[in-house]
Amino acid sequence: MKRLVLLTVCVAALLAVAPAYAKPHPNPFGTMIVRFSGGTSPAQMDTAIVKAGGDVVNDLSPIGAMAVTPLAGDFALRIGANARVTGVFPESMFDGPVTLDGREGGAPVGSPVIGKSRSFPDPWHDASSFLGVTNPQGILQWDDARMNVPAAWTTTLGDRTVKVAVLDTGVQKSHKELNNNVADKAQTFVPCAGLRHQYGDQVLKEVGLIDCGTDDREGHGTWVASRIAGELNGFASNGVAPGAQVSSYKVLASGFGALPDWILAGLVAACTDRVDLVNMSITGYLDPSDPDEAQTYRLFADAVQYCRARGVTIFAAAGNEHVRVDRVTTMVGGRTLSGVGQVSNGADGIATTPPGRDSADFDLRGLLETPAGVPGVVMVSATNNGNSAAPADDPFGVGMHVGARDQLAYYSSYGSRVDLAAPGGARRFNLPGWDGGDGNILYGGWGSLGALAENGLVCRDPLQSSLFNFACFKAEGAAFGWLQGTSMSAPNALGVAALVISAKPALRHDPADLVARLEATAQRTMTNYTGPSDPSDTAPTYDGRPCPTGHCHLDTSSSIAFADSYGAGLIDAGAAVVP
């Protein structure tokens, strides 16, 4: 079953609530992918599709395919008879962007009382507290400290010619933190015009597809862009590489989600445009035993290969499901692929399960993670902040290593497929909200700070109303949020990559050597204490909610190995940019 989901704002207080693992639902438009043999021109593809009774909604011709809405009832039969066609298969929905129950975030309305300044970095960056709430790193932008970014800034702030593609929900260019660092040209691959032409406005409204512009009506894409390249402008905070430039490739519609071809079309377009780096804070799972899903995975593999051949390095989120993702060589849709990210077939392939839910509903065993698990994509796991290198917070008096710094975040997926780790934020005790008790907060320095679209879904969500779950606050009309997730770790890692290729131009169009540089210089001094989800612990949560089928508590008696937690290690900007 296809379960691709946007890693939204953060991991939720009820981390793995249904939207991320919902039963598959059909594509309401019946869109299909048509694959053509090598050497078929885009014009020949168009002609064949029209003759067979179809309408192209997204052009994937650089990788030999087209996304098509059938107009004729026998379209699949007719197009399949064309000698140039090598495959025809339907698409299912990718869920997301979605709101998870109890969405975590965490800052009360307002902002630090800090005056504007033109000093470097921006004034919030090194502020010691947020409305009186101290944080373990001692600065609000703790994630830069953990990645040794200030040391890299003595060499470079990022080069203006470095182009970064953010494939997400769009980017609010008018935000004070992004106005000068986001390219004027924003593209959308949500094909509302073609779908509206075929089905009419009413059908689009009925299925919930109303987000049809290039702007960000969610907030997630704006956050990602700001973490990468938020401006150095004397206001609020700045991104990892404030000298780089971001381009927005909108591939997800707020409140609706996406079809696979939307994401694929955005990826192919970005690489055709010769960007240097791509961020996809999107994750999901495809079933290799399903012929259509296997073909979808192969199409992702072709798109990544297309990008790599053009010197583009792709970073993607490891996932918020806290499952083991193995690096395997396997047959997918008739092709042997190496470096595939496949979820473990053991108990550690079942995602963290909310109290009172059946763990069978969260069973991802044997599925292929997409896009982070596609060969050639850099999979980034997430780490926390924490109080010290040694366990410091033990609210339950049982010797749990819940407060140790730089641990694998309690929600982050892990395994041999992980390439690198970067800060993603986590609650203070590095435990799910339901298991952490009082004080297991996110705001003020445990989550990661970034910009948000002030009118986006994140800022309009009523679930943001509590001190623990408030993900949006505003200052001088600009929205910001404390978020957590591997959605945050991926752009953190990419921001460091932007600094590296600015300082070392020879690595700019060399994905293999760029990633090798990041891996060779990564920090390896951490000791991970975070364990997998525990299938045998069926005790109630701290507030008494039932856990009848296990998997809703972490196993505190064992820890996940270093390489499975961090890959090569925690990314280090200062070490990576030096000669």
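Keep in mind that what you see is a predicted model, and the values were worked out from it rather than measured. One-based numbering along the sequence shown.
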Residues in side-chain contact (heavy atoms from CB on, under 4.5 Å) contact with [X], at least two apart in sequence or another chain:
X	result
Val85	Val34, Phe36, Ile79, Asn82, Val88
Ser61	Pro42, Met45, Asp59, Met66
Asp510	Ala512, Asp513

Listed pairs under 3.5 Å, donor-acceptor, residues 490-501 side chains, sequence neighbours left out:
{"unit_1": "Asn492", "atom_1": "OD1", "unit_2": "Arg227", "atom_2": "NH1", "d": "2.6"}
{"unit_1": "Asn492", "atom_1": "ND2", "unit_2": "Pro423", "atom_2": "O", "d": "2.8"}
{"unit_1": "Asn492", "atom_1": "ND2", "unit_2": "Met488", "atom_2": "O", "d": "3.4"}

Verify the distance criterion only: is there a donor paired with an acceptor across the side chains of Glu369 and Thr283 at less than 3.5 Å? yes

Will you find, in the side chains of Tyr249 and Asp273, an N or O donor that is under 3.5 Å from an N or O acceptor?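 Yes.
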
Quick one: does [X]'s side chain have a donor or acceptor within less than 3.5 Å of a partner on [Y]'s backbone?
X	Y	answer
Arg517	Ala576	yes
Arg324	Gly415	no
Ser381	Val418	no
Asp419	Met379	yes
Arg217	Ser254	no
Glu177	Ser237	yes

Asp216 side chain near Asp168 side chain, heavy-atom distance below 4.5 Å: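 A side-chain contact is absent here, since even the closest heavy-atom pair is not under 4.5 Å.
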
Heavy-atom check, side chain of Val268 versus side chain of Tyr306, under 4.5 Å: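 When only atoms from C-beta onward are counted, Tyr306 and Val268 do touch, with a gap below 4.5 Å.
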
Distance from [X] atom [atom1] to [Y] atom [atom2], nearest 0.5 Å?
X	Y	atom1	atom2	answer
Leu204	Leu195	CG	CG	6.0 Å
Ser289	Glu293	OG	CD	8.0 Å
Cys307	Leu267	SG	CG	4.0 Å
Ser281	Trp223	OG	CH2	8.0 Å
Leu259	Glu91	CG	CD	5.0 Å
Arg35	Gln295	CZ	CD	6.5 Å

Can you list every salt bridge (Lys or Arg N to Asp or Glu O under 4.0 Å) pair that touches [range], not counting sequence neighbours?
range	result
residues 183-203	Lys173-Asp184, Arg196-Asp201
residues 248-262	Asp211-Lys250
residues 75-87	Asp74-Arg78

Applying ring pair (Phe, Tyr, Trp, His ring centres under 6.0 Å), which residue pairs with at least one partner in residues 166-189 are found, sequence neighbours left out?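 Passing the test, one end in residues 166-189: His175-Phe480.
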
Just wondering, are more than 12 heavy atoms of other shown residues or ligands nearer than 6.0 Å to CD in Gln305?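 Incorrect, the count does not exceed 12.
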
Under the criterion side-chain hydrogen bond (donor to acceptor under 3.5 Å, both in side chains), I'd like the reasoning laid out for Asp55 against Thr69: C-alpha separation, chi angles, the key distance, then a yes or no. CA-CA 5 Å; Asp55 186 23; Thr69 298; 5.9 Å; no

Test ring pair (Phe, Tyr, Trp, His ring centres under 6.0 Å) applied to Tyr199 - qualifying residues, sequence neighbours left out: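 For Tyr199 the ring pair (Phe, Tyr, Trp, His ring centres under 6.0 Å) partners, ignoring immediate neighbours, are Phe29.
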
Which residues satisfy the ring pair (Phe, Tyr, Trp, His ring centres under 6.0 Å) test with Phe315, sequence neighbours excluded? none

Assess whether side-chain hydrogen bond (donor to acceptor under 3.5 Å, both in side chains) is satisfied between Thr486 and Tyr411, documenting all intermediate values. CA-CA 8 Å; Thr486 52; Tyr411 54 80; over 6 Å; no

Can you list every side chain to side chain donor-acceptor pair (under 3.5 Å) pair that touches residues 156-167, not counting sequence neighbours? Asp159-Thr161, Arg160-Asn181, Thr161-Arg508, Lys163-Gln245

Determine which pairs satisfy side chain to side chain donor-acceptor pair (under 3.5 Å) with at least one residue from residues 329-338, sequence neighbours left out, and list them in order.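 The answer is Asp302-Arg335, Thr329-Ser338.
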
